[in-house]
Structures are given as C-alpha cells and as structure tokens.
Amino acid sequence: LRLEVSLKNVTFYSYLTTSIVYAKILHIYPNTTIRDKLNLTLQKIHKDKDLLKTGSTGAGITLNKGVYTTINPGEGNVYFNDKKINLCPTREVMNYFECSYDVMHFSDFPLGSGLGTSGGCALGTAHEIFKIIKSTYYNIHNNYSEPIKIAHIAEVKCGTGLGDVIAQYTKGLVIRKKPGFPINVEKVAVDNIDDYYIVVEILGEKETKNIINNPQWIEKINKTSDELLIKLLKNPTLKNFMDLSLYSIYCLDLSASLTF
C-alpha cells in the first residue's frame with residue numbers, strides 16, 4: 001500500500017478490487033503489465049451475527065488503480081472527486097471514531113460499479129484516522145489489522161462489500177480461505193507477472209447490496225462458487241482463475257441485469 005504524507009494533510013492510497021460480476025474483462029494481454037488490484041471474483045457469501053466473521057471466501061485479482069484518501073480537520077464532510085456525498089462506508093468509519101475530519105476521496109473509477117471503490121474509501125479513511133488519533137498505540141503495537149477490521153465492519157453494515165478490504169490490503173491474486181477475521185488468505189504467485197496487463201470495461205451500475213443481501217442471489221452464488229473454488233484451490237494459477245471467473249459469470253448471468 002502506498003502512503004503519502006505532507007505537512008498539511010494525510011493521504012492514503014488504497015488499491016481497488018473490481019468484481020467480474022460488474023466489470024467485463026476484455027483481454028489479458030501478454031508482454032505488458034499486470035500489477036495489483038482488480039477483484040474479478042469467485043466468491044461464496046458467509047453471514048454471521050458477528051460482523052467480523054461475516055464476509056466471503058473466494059478469489060480475486062487487484063488493480064493498481066485505486067482511491068486516494070486525504071483527511072483534514074473539518075466538519076465531518078465526505079467528498080468523492082470534489083463532489084460532496086454521503087458515502088455510507090466512509091461515514092460508518094467516521095462514526096466509529098466519533099471524529100469531525102473532512103474526508104476527500106479521489107479515484108479514476110466510479111462508485112457503484114462493482115470495482116470495490118467504496119471499500120477503498122473505507123480502508124483509506126480508517127487507516128488515516130487510526131494513525132492520527134491512535135498513533136501511539138499504532139506505532140508501539142504495530143497493530144496494522146485494526147483499520148482493516150473497522151473498514152470491513154463498515155462495508156458489511158452498509159452492504160457494499162464482504163471481502164474487498166481484505167483483498168485490497170493483501171494485493172495481488174488473492175484467495176480468501178475463510179470469511180472475515182482472522183484473515184486467512186493465500187497470495188498466488190503469478191509467473192512473469194510483468195508480461196501481462198488487464199483491460200477492464202465498466203458495463204454500468206448495480207448496487208452490491210441488492211446482490212449480497214438477496215437470499216435468491218446468495219443461494220445462486222454459493223451453489224456456483226463451491227465447485228469453482230475447489231477447482232481453483234487444486235490448480236491456483238492465473239489462467240485457471242480467469243477461466244473459472246468467466247464460467248462463473250455465464251452461470252450467474254448477473255451482467256444481464258445491469259443498468260446502462
């Protein structure tokens with residue numbers, strides 16, 4: 001995770017995850033670059049009374065494009081690309097800390113298109129506020145997982161994600177073996193990673209919460225994912241992941257319900 005600090009403000013850069021449910025992967029081209037953070041996702045949804053244990057198991061790639069988050073003393077306002085908004089995950093993080101910072105998010109990607117942008121916003125906000133108001137605890141105990149937990153709970157409460165912030169924190173091609181916390185992930189090594197880059201087309205908007213909180217979709221996703229996750233764990237390669245992700249989209253047919 002890249003971190004930039006100046007005398008006037010604090011900026012956190014969090015990489016994005018993007019779901020293959022909402023983002024169309026056009027090609028993986030050879031002889032260029034694939035870096036960190038895109039969540040093409042194979043996932044299974046897990047619900048629990050404990051929000052830290054609510055989440056998803058599955059796998060995703062992360063894109064190197066993401067969200068810059070800057071906080072300044074203020075009145076508790078939230079901005080996304082200079083537009084004042086009421087972004088639920090960011091607001092939940094701020095409520096947790098009971099703080100009055102102004103939070104500015106900047107991204108090349110939109111909200112509401114399955115890219116994990118809201119997760120990046122929550123993670124950046126939690127990371128920076130935690131550093132400022134609990135800096136002594138943060139430095140002494142090296143407790144890097146606390147901002148991730150806070151951001152994860154915020155996403156679960158808002159219904160905007162179930163495992164994005166864990167993948168965003170880990171980076172790369174990530175397999176989440178258990179939902180939520182404690183974090184149990186496997187980062188898959190990709191041979192000749194600099195020989196690839198990924199092209200993503202944003203197809204439209206769809207609220208994540210309308211999928212992950214819908215019993216019919218949960219049943220459909222989990223039924224499809226069980227078999228595919230087993231196949232991925234047996235052969236955890238980039239090519240196998242891409243093949244299984246494409247097959248998952250055909251099975252779920254989520255793209256058919258997008259709004260253009």
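Hydrogens, waters and symmetry mates are skipped; everything else that's a heavy atom, side chains included, is used.
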Pairwise side-chain contact, E128 with V103, heavy-atom cut-off 4.5 Å (strictly under): no
T54 vs L162 side-chain heavy atoms within contact, under 4.5 Å: yes
Atom of I45, atom of N222 and distance for their closest heavy-atom approach: N-OD1, 2.7 Å
Distance (rounded to the nearest 0.5 Å) between I175 CD1 and K187 NZ: 13.0 Å
Minimum-distance pair of heavy atoms, taken over all atoms of F106 and N81: CA-OD1, 3.2 Å
I129 side chain near Y96 side chain, heavy-atom distance below 4.5 Å: no
For the student: nearest non-hydrogen atoms of S118 and L111, plus distance: N-CD2, 3.9 Å
Nearest heavy atoms of V188 and P236, plus distance in Å: CG1-O, 3.0 Å
Euclidean distance, S56 OG relative to H46 NE2, rounded to 0.5 Å: 7.0 Å
Value rounded to 0.5 Å, distance of OH in Y169 from NE2 in H152: 15.0 Å
G60 backbone acceptor or donor facing R176 side chain under 3.5 Å: no
Donor-acceptor pair, side chain of D102 and main chain of N77, under 3.5 angstrom: yes
Evaluation steps, side-chain contact (heavy atoms from CB on, under 4.5 Å), between M94 and V78: CA-CA 10 Å; M94 295 170 70; V78 180; 3.8 Å; yes
pair M104-N72: side-chain heavy atoms closer than 4.5 Å: yes
Rounded distance (nearest 0.5 Å) linking atom CG of N235 with atom CG of N240: 4.5 Å
Inter-residue atom distance F80.CZ - T117.OG1, 0.5 Å rounding: 5.5 Å
With sequence neighbours excluded, residues passing salt bridge (charged side-chain N to carboxylate O under 4.0 Å, His left out) with D243: K239
Of all pairs that satisfy disulfide (SG to SG under 2.5 Å), the ones with a partner from residues 75-104, not counting sequence neighbours: C88-C158
Approximate separation, where rounding is to 0.5 Å, of L228 CG and L233 CG: 11.0 Å
For K53 against P182, the heavy-atom pair lying closest together: NZ-CD, 4.4 Å
K223/E219 salt bridge by N-O under 4.0 Å criterion: no
Shortest non-hydrogen separation from A154 to P89 and the atoms involved: CB-O, 3.5 Å
Qualifying residue for side chain to side chain contact (heavy atoms under 4.5 Å, CB included) with L123, from V165, T69, V93, I150: V165
S248 side chain vs L244 backbone, donor-acceptor pair below 3.5 Å: no
Derivation of the side-chain contact (heavy atoms from CB on, under 4.5 Å) call for I166 and F181: CA-CA 9 Å; I166 293 173; F181 288 81; 4.3 Å; yes
